[in-house]
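Worksheet for the structure shown next.
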Amino acid sequence: MLSIQFLRENPDLVRQALKKRQFSEPIDDILALDERRRSLLAEVEALKARRNEVSRELGKMEEKPPKLIEEMRQIGGRIKALDEKVRAVEDELNDLLLRLPNIPHPSVPLGKDESDNRVVRSWGEVRKFDFKPRPHWELGEALGIIDFERGVKLSGTRFYVLRALGAHLQRALISFMLDLHIREHGYTEMYPPFMVKRECMVGSGNLPKFADNLYHDEEDDFWFVPTAEVPLTNLHRDEILPPGTLPLYYVAYTPCFRREKMSAGKDTRGIKRGHQFDKVELYKFVAPENSDEELEKMVDNAEEVCRRLGIPYRVLELCSGDLGFASTKSYDIEMWAPGCGEWLEVSSCSNCGDFQARRANIRFRPQSGAKPQFVHTLNGSGLALPRVLISLLESYQQGDGSVIMPEALRPYTGFEVIK
RNA sequence: GGAGGGAUCGCAUAGUGGUCUAGUGCGGCCGCCUGCUAAGCGGUUACAGGGGGAGACCUCUGUCAUGGGUUCGAAUCCCAUUCCCUCCGCCA
């Protein structure tokens, strides 16, 4: 959420910045509501001041003058009516503010959609095959490690079952990633709830605007996490972190549930896109002046997973039009998948600035006695599982249909080949 | 799920309609004193929003779990909700 004070003082700056995202936002409506809110507040607060003053005097009097009491009764009624108006205006204002996206970082290149994203670097040699590399859905079925039919039997289209060494391989990847980040990159491992309250979704920026993409339990109003970013953001909701706390680095493995409206015929084969997938997520709470640098470090932490697995990847800087709702600046990491012949997005790392912190009310005190400030939050996949699995299977496949395990993973798999 | 008890300033507590502008202790911070430390002394101690001011600041409003209600006036009385504790039931 943007600060209403900032918006009030810099309406044109905000208008220009949000235009880069290819949306027109109701800035004028917001400013009008803000104006209305403040004039109502001035009115009702003056009445409350009067009421407080008279009540104080009345408390000291032996004889309570009925005329004064009657006057106060009138004032009470007006206060109540005005309070309701203020509340209605605030609700409307708040709703509009909660639907405004974040302002892009000045360094973000202008662009209209994903075709304008820029490759900033790449790593690794794309492997040359002396046979035609097969896509993972063929490999997976042939090796008996992915069962598509039974996944559909259980839960419908775009669900699958990982079987035997396939299930084991995914678990190994998760452990490998978690260990790398906690042992070498300084993150603290967390195991959060997979269902959260509505406020958490508002805090992270998923609600109110993106309810369509979320699974929701009506009965108890639980929301299924679409990423660990949601519970991790809310770990410190409504807190003021004492001096010396920042930066905080967290890493969490969670399943992710997404109710995407899939366009028919797109990404239909294999395990690339589903309603449920696993992910290891990196998350940081940092002081505002460090967030630019922390984003670069986070991307490198995610890239390290790719390098250890020996899979070629490239890093994209997202243009303004492709930026996520809460993000000021994002990098995507894409791994090469030789079987499907495409670059797969395995990570997206974002600096959200104080956007989520303001929504979730997460602050820190720079020094003892100093005013609290909003923290900056960053999130990044480190990495998303199904697509790593795809790249790995397709990259390490052999002519006989077997798949060799990368060196770094063997302590976690306990086997060297799937055949 | 059932029955009881509870929620007050960072922590612990006091407060049962107006003197609460929420007291006290502990902790924290600043200073003084003591040739170290401890003790002692003095001061200070939240958050948000509105208005004023160039500014250090001033002023008003709100916040005693949350939301309603009663009242001229609510931390205090009433109702609902949430969370915590104890006991019972159920359960991996």
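In what follows, every chain begins at residue 1, and chains take the letters A, B, ... in the order their sequences are listed.
For the OP1/OP2 pair of B/C47 and a distance below 4.0 Å, the side-chain nitrogens and oxygens of A/K371 include at least one atom meeting the criterion. Contact between the side-chain N/O atoms of A/R365 and the OP1/OP2 oxygens of B/G28 is not found at any separation under 4.0 Å.
The distance from atom CG of A/L33 to atom P of B/G50 is 14 Å, rounded to the nearest whole Å. One can place CG of A/D238 at 19 Å from P of B/U82, the figure rounded to the nearest angstrom. Rounded to a whole Å, the CD atom of A/E199 is 13 Å from the P atom of B/U82. For the pair A/I362 CD1 and B/C47 C1', the interatomic distance rounds to 16 Å; values are reported in whole Å. Atom CG in A/L93 sits about 13 Å away from atom C1' in B/G49, given to the nearest Å. The distance between atom CD1 of A/I4 and atom C1' of B/G49, rounded to the nearest whole Å, is 12 Å. Between A/I240 atom CD1 and B/C9 atom P the separation is 14 Å, expressed in whole Å. Spacing between atom CZ of A/F364 and atom P of B/C47 amounts to 14 Å, rounded to whole angstrom units.
Pair assignment for B/C36: none, as no Watson-Crick or G-U wobble contacts are both less than 3.5 Å. Base pairing analysis places B/A54 opposite nothing; no Watson-Crick or G-U wobble pair with both distances below 3.5 Å involves it. B/C87: Watson-Crick or G-U partner is B/G2, with both key distances under 3.5 Å. When both pairing distances are held under 3.5 Å, B/C9 makes no Watson-Crick or G-U pair with any nucleotide shown. Within the shown strands, B/A80 is the pairing partner of B/U66 under the Watson-Crick or G-U definition, both distances less than 3.5 Å. The partner of B/G27, taking Watson-Crick or G-U wobble pairs whose two distances both stay under 3.5 Å, is B/U45. In this structure, B/A14 makes no Watson-Crick or G-U wobble pair, since no nucleotide meets both defining distances under 3.5 angstrom. Shown here, B/A22 forms no base pair; nothing in the strands shown gives a Watson-Crick or G-U wobble contact with both key distances under 3.5 Å.
For the C1' atom pair drawn from B/G68 and B/A54, the interatomic distance equals 45 Å after rounding to whole Å. The gap from the C1' atom of B/C20 to that of B/G73 amounts to 13 Å, rounded to the nearest Å. Between B/G49 and B/A12, the distance separating the two P atoms is 28 Å to the nearest Å. Only the P atoms considered, B/G89 is 16 Å distant from B/A3, to the nearest whole Å. For B/C9 and B/C47, the C1' atoms lie 11 Å apart once the distance is rounded to whole Å. Nucleotides B/U19 and B/U76 place their C1' atoms 15 Å apart, quoted to the nearest Å. Comparing the C1' positions of B/U24 and B/C32 gives an interatomic distance of 24 Å, to the nearest angstrom. Straight-line distance between the P atoms of B/U8 and B/G67: roughly 16 Å, to the nearest whole Å.
For the pair A/E149 and A/K153, the salt-bridge criterion is not met [side-chain N within less than 4.0 Å of a carboxylate O]. Salt bridge absent: A/K67 and A/E70 never bring a charged side-chain N and a carboxylate O closer than 4.0 Å.
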Letter by letter from the 5' end, nucleotides 53-75 of chain B scores (B base, S sugar-phosphate only, - none; protein heavy atoms under 4.0 Å) -------BSS----SSS--BS--
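Residue A/G59 is the one, among A/R38 and A/G59, whose nearest nucleotide of RNA chain B lies closer to the 5' end (criterion: closest heavy atom).
A/R78 CZ: 12 or fewer foreign heavy atoms inside a 6.0 Å radius.
Residues A/K20 and A/L110 have side chains in contact (heavy-atom distance under 4.5 Å, counting atoms from C-beta outward).
In this pair, A/F224 and A/F257 present their aromatic rings perpendicular. The plane angle is above 60°, beyond the 30 to 60° band. Taking the six-membered ring where the residue is Trp, A/H275 and A/F159 present tilted rings, their angle falling between 30° and 60°.
Using a 4.0 Å heavy-atom criterion, one finds that A/Q5 contacts the sugar-phosphate atoms exclusively. The residue A/R198 sits apart from the nucleic acid: no heavy atom pair falls under 4.0 Å. Backbone-only engagement by A/P372 is indicated by non-hydrogen atom pairs under 4.0 Å involving sugar-phosphate atoms exclusively.
Of all heavy-atom pairs spanning A/D278 and A/I174, the tightest one is OD2-CD1, 3.8 Å.
Under the side-chain contact (heavy atoms from CB on, under 4.5 Å) criterion, A/L344 pairs with A/K272, A/A337, A/E342, A/R387, A/I390, A/S391, not counting sequence neighbours.
Using a 3.5 Å distance cut-off with no hydrogens or angles, the side chains of A/E296 and A/Y331 do pair a donor with an acceptor.
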